S.K.: 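Just passing along the structure, written as structure tokens.
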Number of protein chains: 2
Amino acid sequence: MSAPRTLDRTLLALADPTRRAILQRLSSGEARVTDVAQPFKMSLNAVSKHILVLERAKLVQRRKVGRDHYLSYRAEPLDAAAQWIEQTRHFWGSRLDALEKLLREEDANKK
Amino acid sequence: MSAPRTLDRTLLALADPTRRAILQRLSSGEARVTDVAQPFKMSLNAVSKHILVLERAKLVQRRKVGRDHYLSYRAEPLDAAAQWIEQTRHFWGSRLDALEKLLREEDANKK
DNA sequence: AATATATTCAACCATTTGGTTGAATGTCAA
DNA sequence: TTGACATTCAACCAAATGGTTGAATATATT
């Protein structure tokens, strides 16, 4: 089904507070690169690189209008990641069945 | 509440197919480092490093018995990540949310 | 005591990441 | 046309990642 590369890129892109902040900013609507970069202490170029990572993960889309690049948030990869995590939790167990697994392990150790 | 560092580490740890495979292996019960490493082409040491990343993210716990280190999967960080993603999707919007809303509206129209 | 097994530690290497600064490109505006 | 603005490109740097090999450590086994 879904190539794992896509999931890799999504999770990697999300594993950074700066990039999550960028996404949050975009979640309330389009913004230009400069606008997105404004609140951060780091250089515009650094933010530009973060945006590239988000684009590679398809979490951000770019629309060029003249010299301005308008960025927007795309929800699909996050949906896909959520789906993967939910499915995984279901198969691997969550807190609720942790006890059960523990008991299985103890049982195995007694052999 | 949860420091973003924890989420960073969880997502980063999950953003790698080898580490996800390791977790999958552990999801069905404890295993030693050697057992975990066996199916992989890479060296034992490489796997050992991956395990370290998973431990740092608290996705894997280690129990030493003599020379053997028994590894087990811990579900809590994944639960936390899922919670973050779900909350985020809720606030940032998603396709599924849109679909849900559409269905709710259709439902309302039928009344 | 000698050897084999399980694991980590240490050093090394190539690549990636996250940041910087400075220059280049493209577009708007006076 | 000249200059300001928006953005990327390029080079560089430090640190982290993902892998290797070889040695060290600790524990079992004979």
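All of these numbers come straight from a predicted model, not from anything done at the bench. What you see below is based on every heavy atom in this structure, not just the backbone, and it leaves out hydrogens, waters and symmetry mates. Proteins come first, then strands; the chains are lettered A, B, ... in the order of their sequence lines, and each starts at number 1.
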S.K.: Which Ile, Leu, Val, Met, Phe, Trp or Tyr residues join A:Tyr70 in one cluster when any pair of side-chain heavy atoms under 4.5 Å counts as a link?
M.R.: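 Taking Ile, Leu, Val, Met, Phe, Trp and Tyr as members, A:Tyr70 shares its hydrophobic cluster with A:Val65.
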S.K.: Round to a whole Å and report the spacing from CG of A:Asp8 to P of C:dT16.
M.R.: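 The distance from CG of A:Asp8 to P of C:dT16 comes to 14 Å, rounded to the nearest Å.
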S.K.: Residues sharing B:Leu12's hydrophobic cluster, by side-chain heavy-atom contacts under 4.5 Å among ILVMFWY, directly or via others?
M.R.: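 So far as hydrophobic clustering goes, B:Leu12 is joined with A:Leu12.
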S.K.: To the nearest 0.5 Å, what is the distance between CD (A:Glu86) and OG1 (A:Thr88)?
M.R.: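 It is 9.0 Å, given to the nearest 0.5 Å.
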S.K.: List in numerical order all residues of residues 50-70 of chain A for which some heavy atom is under 4.0 Å away from an atom belonging to DNA chain D.
M.R.: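 Here the set is A:Arg62, A:Arg67, A:Asp68, A:His69.
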S.K.: With sequence neighbours excluded, give me every salt bridge (charged side-chain N to carboxylate O under 4.0 Å, His left out) pair touching residues 10-25 of chain A.
M.R.: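 Salt bridge (charged side-chain N to carboxylate O under 4.0 Å, His left out) check on residues 10-25 of chain A returns A:Arg20-B:Asp8.
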S.K.: Can you find a pair of side-chain heavy atoms, one from A:His90 and one from A:Gln87, that are under 4.5 Å apart?
M.R.: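 A side-chain contact under 4.5 Å is absent here.
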S.K.: Without placing hydrogens or testing angles, list every side-chain donor-acceptor pair under 3.5 Å for residues 41-48 of chain A, not counting sequence neighbours.
M.R.:
{"residue": "A:Ser43", "atom": "OG", "partner": "A:Asn45", "partner atom": "N", "Å": "3.4"}
{"residue": "A:Ser43", "atom": "OG", "partner": "A:Ala46", "partner atom": "N", "Å": "3.1"}

S.K.: Stepwise, does the side-chain contact (heavy atoms from CB on, under 4.5 Å) test hold for B:Leu59 with B:Arg74?
M.R.: CA-CA 5 Å; B:Leu59 280 160; B:Arg74 298 288 95 178; 5.9 Å; no
S.K.: What's the CG-C1' distance between A:Asp16 and C:dG18, to the nearest Å?
M.R.: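 Atom-to-atom, A:Asp16 to C:dG18, this comes out as 8 Å.
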S.K.: Extract, from 5' to 3' on DNA chain D, the first and final nucleotides lying under 4.0 angstrom from some heavy atom of chain B.
M.R.: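 It runs D:dT17 to D:dA28.
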S.K.: Identify, residue by residue, the members of residues 18-45 of chain A with a heavy atom below 4.0 Å from DNA chain D, and return them in order of residue number, or none.
M.R.: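 Under 4.0 Å from DNA chain D: A:Arg32, A:Val33, A:Thr34, A:Leu44, A:Asn45.
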S.K.: How close do B:Leu26 and B:Leu71 get, heavy atom to heavy atom, and via which atoms?
M.R.: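 So the minimum-distance heavy-atom pair works out to CD2-O, 3.5 Å.
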S.K.: Does any pair with a residue in residues 29-38 of chain A pass salt bridge (charged side-chain N to carboxylate O under 4.0 Å, His left out), and if so which ones, sequence neighbours excluded?
M.R.: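 Matches after skipping sequence neighbours: A:Glu30-A:Arg63, A:Arg32-A:Asp35, A:Arg32-A:Asp68.
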S.K.: Enumerate, atom names and distances included, each donor-acceptor pair closer than 3.5 Å involving a side-chain atom of residues 51-58 of chain A, sequence neighbours excluded.
M.R.:
{"residue": "A:Glu55", "atom": "OE1", "partner": "A:Arg62", "partner atom": "NE", "Å": "3.3"}
{"residue": "A:Glu55", "atom": "OE1", "partner": "A:Arg62", "partner atom": "NH2", "Å": "2.6"}
{"residue": "A:Glu55", "atom": "OE2", "partner": "A:Arg62", "partner atom": "NE", "Å": "3.0"}

